[in-house]
Colleague: 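After the structure tokens below, expect a handful of questions from me.
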Amino acid sequence: KQEVTQIPAALSVPEGENLVLNCSFTDSAIYNLQWFRQDPGKGLTSLLLIQSSQREQTSGRLNASLDKSSGRSTLYIAASQPGDSATYLCAVSGGQNFVFGPGTRLSVLP
Amino acid sequence: DGGITQSPKYLFRKEGQNVTLSCEQNLNHDAMYWYRQDPGQGLRLIYYSQIVNDFQKGDIAEGYSVSREKKESFPLTVTSAQKNPTAFYLCASSIDLRAGLGYTFGSGTRLTVV
């Protein structure tokens, strides 16, 4: 059964720092991987979707990489801003449903 | 604007009551999902539906029921058999089940047992 973990559970950084969030999954036979953002008390917003044949995806200040063989993905946020404060969740799909990690709670301090 | 609407935003349930959470989408998505979110945990899948009149149990379906009579609607009933229903419930949809393209979430319903 696929299991997804995320490290760290929480992260607090000063504004302007570059940072990396980590996601690990136990079964490398995935179809795709997504990173989501969740603001407190809200639903999730999709940030980046990486197909299994891809190594990375970029959107603005966000870059996500995927290493299927090692069961890892990273989300890189460049020049962090207070508006980036949220919980970031990764989710992997084996071709049917997504399995979600517990998330990393990010606080960017002004 | 296209999207997913969940209602109500807050719901209070007495012991032994059944309650129904509404989820409506106007994205023309085939697949719809219900998740439960508890503090410090990832989302857990309750039920999902690939097409109208078809739905499948997820990882924690016990104590819940769903229907998919219309493409746009996927209501979730929390029955009295669900012993610990207090949680944040999220509905989602996607273009199809397999690729997870266009994954869109509603804003959630917070259910509290009183």
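Model, not experiment: these values are computed from the prediction. Proteins get letters first, then strands, A, B, ... in listed order; numbering begins at 1 in each.
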Colleague: Look at B:L43, B:I4, B:L45 and state which one has the largest set of heavy-atom pairs under 4.5 Å with chain A.
Modeller: B:L43

Colleague: Can you get from A:V108 to A:I77 by hopping between Ile, Leu, Val, Met, Phe, Trp and Tyr side chains that sit under 4.5 Å apart?
Modeller: yes

Colleague: Indicate the atoms forming the closest heavy-atom contact of B:L90 with A:Q38, along with that distance.
Modeller: CD1-NE2, 4.0 Å

Colleague: With a 4.5 Å cut-off on side-chain heavy-atom distances among I, L, V, M, F, W and Y, is there a chain of contacts connecting A:V99 to B:I60?
Modeller: no

Colleague: Using a 6.0 Å cut-off, check whether atom CZ of A:R105 has over 12 heavy atoms from anything other than its own residue.
Modeller: no

Colleague: Would you say CG of A:L109 has more than 12 non-hydrogen atoms from neighbouring residues, nucleotides or ligands within 6.0 angstrom?
Modeller: yes

Colleague: Tell me, do B:Y33 and A:F98 make a side-chain contact under 4.5 Å, heavy atoms counted?
Modeller: no

Colleague: Is it the side chain or the backbone of B:Q37 that comes within 4.5 Å of chain A heavy atoms, both, or neither?
Modeller: side chain

Colleague: Give, for atom OG of B:S94 and atom CG of A:N97, the distance between the pair rounded to the nearest 0.5 Å.
Modeller: 8.5 Å

Colleague: Is A:L44 in contact with chain B via its backbone, its side chain, both, or neither, using a 4.5 Å heavy-atom distance?
Modeller: both

Colleague: Side-chain atoms of residues 9-19 of chain A: list all donor-acceptor pairs with protein atoms under 3.5 Å, sequence neighbours left out, distances to 0.1 Å.
Modeller:
unit_1	atom_1	unit_2	atom_2	d
A:N18	OD1	A:A79	N	2.8
A:N18	ND2	A:Y76	OH	3.4

Colleague: Within a reach of under 6.0 Å around NZ of B:K71, are more than 12 heavy atoms found that belong to other residues, nucleotides or ligands?
Modeller: yes

Colleague: Report which part of B:F88 has an atom under 4.5 Å of a heavy atom belonging to chain A: side chain, backbone, both, or neither.
Modeller: side chain

